[in-house]
Structure formats: structure tokens, C-alpha cells
2 protein chains.
Amino acid sequence: MKKIFNMSNPKVERVLADLKRLGYRLTRPRRSVLQVLMEADDCLRPEEIHVRARRYCPTLGLVTVYRTLSLLSGMDHVRRVHREDGCHGYARTELAHGHHLICRDCHQVIEFPGLDDLSLLIDPIERETGFLVEDHLLELLGLCPACQG
Amino acid sequence: MKKIFNMSNPKVERVLADLKRLGYRLTRPRRSVLQVLMEADDCLRPEEIHVRARRYCPTLGLVTVYRTLSLLSGMDHVRRVHREDGCHGYARTELAHGHHLICRDCHQVIEFPGLDDLSLLIDPIERETGFLVEDHLLELLGLCPACQG
DNA sequence: GACATATTGAAAATCTTTTTCATTAAGTAT
DNA sequence: ATACTTAATGAAAAAGATTTTCAATATGTC
Ligand SMILES: [Mn+2]
Ligand SMILES: [Mn+2]
Ligand SMILES: [Zn+2]
Ligand SMILES: [Zn+2]
């Protein structure tokens, strides 16, 4: 597995291994998008990912960013994050596994763990409504400590 | 306040009064959009609202649907609902005040009340992270009773 | 009914995302 | 290393969603 960027991110390596395992080719464009997503601590829109990733792959097209995001979403390595402004951002699953704090100023995403027992909330609702709950999205919107000043 | 549609919906009347109070004109296009939103029990996309509302106002343009939705959102009489497919729907606030069940099949929205004490969840998070939480979005995605068959 | 102007609809412009298709390059076999 | 197969790519076009522009219209007021 030849290295392409001087930087070797273990998170990137893990996803690459998974892609390989599933028979996908480990291309330079895919690596570049992956690198950007895994080194970011906030959610990025496709256009922003495109700009950043061209540092690693100057020929990268925006179309491939969309395709890679779709692929990685399907494998659940990244998640789409709903943004109030109407656009959608993407963040690595580690950052966005269903419960997050989103700063309306700097768009930083903070995942809060220790909350996978939303079943306490969900179970009674399922019983009362007859709904079958398959997934959930909990977003707390506000201001991060830095942006409150 | 001259009536335009034969149907007189008290929810519609209440919003109209609010619009009037703020100095907005009570136009036929606005009434038609409002009527559709207030008689619906699910979240509707702008295009769908446009189709339905033309029953009440045949000359209605899609642009005005968007403008009215923006106006009503600002006054918090309707809320934008995030949909997994990437589109956005709108539902009256009563249906979508922050916690809802959304059927991935028929897109029905069920609001579950008696849950305004999310503070139990939010307060500790604010303390731990320093985040100032201003708003929240809790969506439970799954299948409604009818669509489970 | 006349008036001032907020509101409207059509068209054009923007912005986001998807589809198409000829070209390129990753993985594999020589 | 070289040749081969075909998955993957990028450019352009298409499709979709939303916003802006602007002349015409309809609302609330006098
Ligand atoms: Mn959304
Ligand atoms: Mn979870
Ligand atoms: Zn911030
Ligand atoms: Zn359903």
C-alpha cells in the first residue's frame, strides 16, 4: 500500500483498508477527500472539501467529492449533518454519530458520547405511538465557548 | 376581514391575525399557502404546497410559496423539517416543535409532546462542554404503524 | 374610488447535486 | 517492467432547489 501524502493518518488508513476489503480501488482522489475529512474537526460542505482536498490531488473534481461522500456515507465512515442554513455538511462518524452540538457561528461539531441509551427516551415513545424507530438525530444548536465572547 | 375560502380554519385565522398585527397584507396567495399548511398533517415540500394551494389561488407562483414559508418560519408558525433524502419539508409548528417522529415511507410527521423537559438532558451537557444551547432538533426516523405492514 | 406601495408572478440567475460519456489510471496478470 | 481489464475520474450537461430582479398587480388606507 504505497503512501501518497507525506502525512499518514491512522484514521485514513483504517478506512482505506475497509475500502480495499470491499474491492474498491484506492485512488488518489479518494485518498485526498478522505484525508481532508479525517483531519477536520468540524462538518464541511462538499465545496469546502473540494477546495481543501485539491492540496493533495490538484486535478480532483467536485463530482468525485460527491461520489466519495456517497460511498463513505454508505459505509458509515462519514455522516451527513443537517444545517439550519439549508446546506448539508459532512463529518466523520466519530464526530457525528447521532448526537451533536453544532455552533451556529463557526459550524464546529462536538459529539457528546455516553448517550447511546436514548432507548430510555425512545422505548416509551415506541410503545405509545406504535412507531418503529430505526434511527435518530439529536442536534443541539447554539454557541461554542469560543464564539460566545 | 373578508373571507375568501368557504372553509374557515381557526388555525389559519390565528396566523392571519398575527400577520395583520405585524402590518403584513392579508393576500389571497398567502391565505392559500397558509390554508394548505394548516390543514396538513404531514410535512410538505414547497413544490407540493404549490400544487395544493393552487386549488385556492390558481395564479399562485412557486416563488410566493417560498416567500410565504420564509415569512411564516420567521414568525415561527411553521418549521422546516430535515429529511434524510436531502430535501426539506415544512410543517406547522404544532406538528414540528423540535421533537418528531418521521416515517421514512409516507413522510408523515408525528409530534410527541410531553417532552419539553429535554433540559434534563441538555443542562448537564451545557455544564460539561461550555456550550450555550439555544435550540434543539430531535428526530426519530422509522416506520409509522400503517407503513410497517 | 383614487392612491401609495407592499406583494406578486415570470424569467433569469444562483447554487447544489446528479447524470452522461469519453478518457484515465488502479489492480492484476503477464 | 509491460500489457490488459475495467473501475473510477473529470468535464460538461442536466436536473433540482432556491433566490434575485423587475414590471405589473392587488391590498389597505384615505
Ligand atoms: Mn437538512
Ligand atoms: Mn446514538
Ligand atoms: Zn463556535
Ligand atoms: Zn408511514
Side-chain angles (χ1 to χ4, degrees), chain A residues 1-5 15-36 43-51 53-54 56-75 78 80-90 107, chain B residues 1-5 15-34 43-51 53-54 56-75 78 80-90 107:
Chain A
M1 198 179 292
K2 185 174 45 166
K3 225 187 305 180
I4 286 187
F5 314 133
V15 178
L16 287 175
D18 204 25
L19 283 168
K20 177 154 217 134
R21 188 178 57 79
L22 293 168
Y24 293 106
R25 294 185 181 176
L26 306 184
T27 67
R28 182 179 246 276
R30 279 180 181 156
R31 287 170 196 265
S32 73
V33 171
L34 204 44
Q35 176 69 34
V36 165
C43 74
L44 302 171
R45 299 191 306 112
E47 180 57 48
E48 176 65 17
I49 294 170
H50 185 218
V51 170
R54 269 193 293 193
Y56 304 115
C57 177
T59 66
L60 178 69
L62 180 57
V63 206
T64 297
V65 175
Y66 277 101
R67 285 191 280 234
T68 304
L69 287 172
S70 172
L71 178 60
L72 295 176
S73 290
M75 297 168 68
V78 305
R80 182 161 62 178
V81 175
H82 172 78
R83 288 174 30 162
E84 276 304 296
D85 64 10
C87 301
H88 289 128
Y90 288 80
H107 299 303
Chain B
M1 200 180 290
K2 186 175 45 166
K3 227 188 299 181
I4 287 186
F5 314 133
V15 179
L16 287 175
D18 205 24
L19 282 168
K20 176 154 217 133
R21 189 177 57 79
L22 293 168
Y24 293 104
R25 293 186 182 176
L26 274 36
T27 66
R28 183 179 246 276
R30 278 180 181 157
R31 286 171 196 264
S32 72
V33 170
L34 204 43
C43 73
L44 302 171
R45 300 191 304 113
E47 180 57 49
E48 176 64 18
I49 294 170
H50 186 216
V51 170
R54 270 192 292 193
Y56 304 114
C57 177
T59 65
L60 178 68
L62 180 56
V63 205
T64 297
V65 175
Y66 277 102
R67 284 191 281 233
T68 305
L69 287 172
S70 171
L71 178 60
L72 295 177
S73 290
M75 296 167 68
V78 305
R80 183 161 62 180
V81 175
H82 172 78
R83 289 175 27 163
E84 275 304 295
D85 64 10
C87 300
H88 289 130
Y90 288 80
H107 300 303

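Protein chains get the first letters and strands the later ones, always in sequence-line order, with residue 1 at the start of each. The figures here come from the full heavy-atom set of this structure, side chains too, leaving out hydrogens, waters and symmetry mates.
- The CG atom of B/Leu69 sits 14 Å away from the P atom of D/dA17 (whole-angstrom rounding).
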Quiz item: What's the verdict on side-chain contact (heavy atoms from CB on, under 4.5 Å) for A/Leu19 and A/Met75, showing C-alpha distance, side-chain angles and the deciding distance?
Solution: CA-CA 9 Å; A/Leu19 283 168; A/Met75 297 168 68; 3.5 Å; yes
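- For the pair A/Ser32 and A/Leu60, the tightest heavy-atom approach, listed with the atom from each and the gap, is OG-CD2, 3.7 Å.
- Regarding B/Leu16, its CG atom lies at a distance of 15 Å from the C1' atom of C/dT7, rounded to whole Å.
- Recorded end-axis angle for the helix from C/dG1-D/dC30 to C/dT30-D/dA1 stands at 40°, based on five pairs per end and rounded to 10 degrees.
- Rounded to whole angstrom, the span from the CD atom of A/Glu47 across to the P atom of C/dT14 amounts to 16 Å.
- The OH-C1' distance, from B/Tyr66 to C/dT16, rounds to 12 Å in whole Å.
- Judged as a side chain to side chain contact (heavy atoms under 4.5 Å, CB included), and not counting sequence neighbours, the contacts of A/Thr59 are A/Cys57.
- Considering every non-hydrogen atom in both A/Arg30 and A/Arg25, the closest pair reads NH1-O, 2.8 Å.
- Note: CD1 (A/Ile49) to P (C/dT17) measures 10 Å, nearest angstrom.
- The two residues A/Arg45 and A/His88 have their closest heavy-atom pair at CG-O, 3.6 Å.
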Donor-acceptor contacts under 3.5 Å from residues 61-73 of chain A side chains, at least two apart:
residue : atom : partner : partner atom : Å
A/Thr68 : OG1  : A/Thr64 : O            : 2.8
A/Ser73 : OG   : A/Leu69 : O            : 2.9

Practice problem: Begin with the C-alpha distance, continue with both residues' side-chain angles, and end with the deciding distance and a verdict on side-chain contact (heavy atoms from CB on, under 4.5 Å) for B/Lys20 and B/Leu16. | Solution: CA-CA 6 Å; B/Lys20 176 154 217 133; B/Leu16 287 175; over 6 Å; no
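- At whole-Å resolution of the value, CG in B/Leu19 and P in C/dA6 are 16 Å apart.
- Put simply, CZ on A/Arg45 is 13 Å from C1' on C/dT14, counting in whole angstrom units.
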Quiz item: If the sugar-phosphate is the primed atoms plus P, OP1 and OP2 and the base is the rest, what is the B/S/- string for nucleotides 1-15 of chain D, using protein heavy atoms under 4.0 Å?
Solution: -----BBSBBB----
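- For B/Arg31 and C/dT8, the CZ to C1' distance is 15 Å, given to the nearest whole Å.
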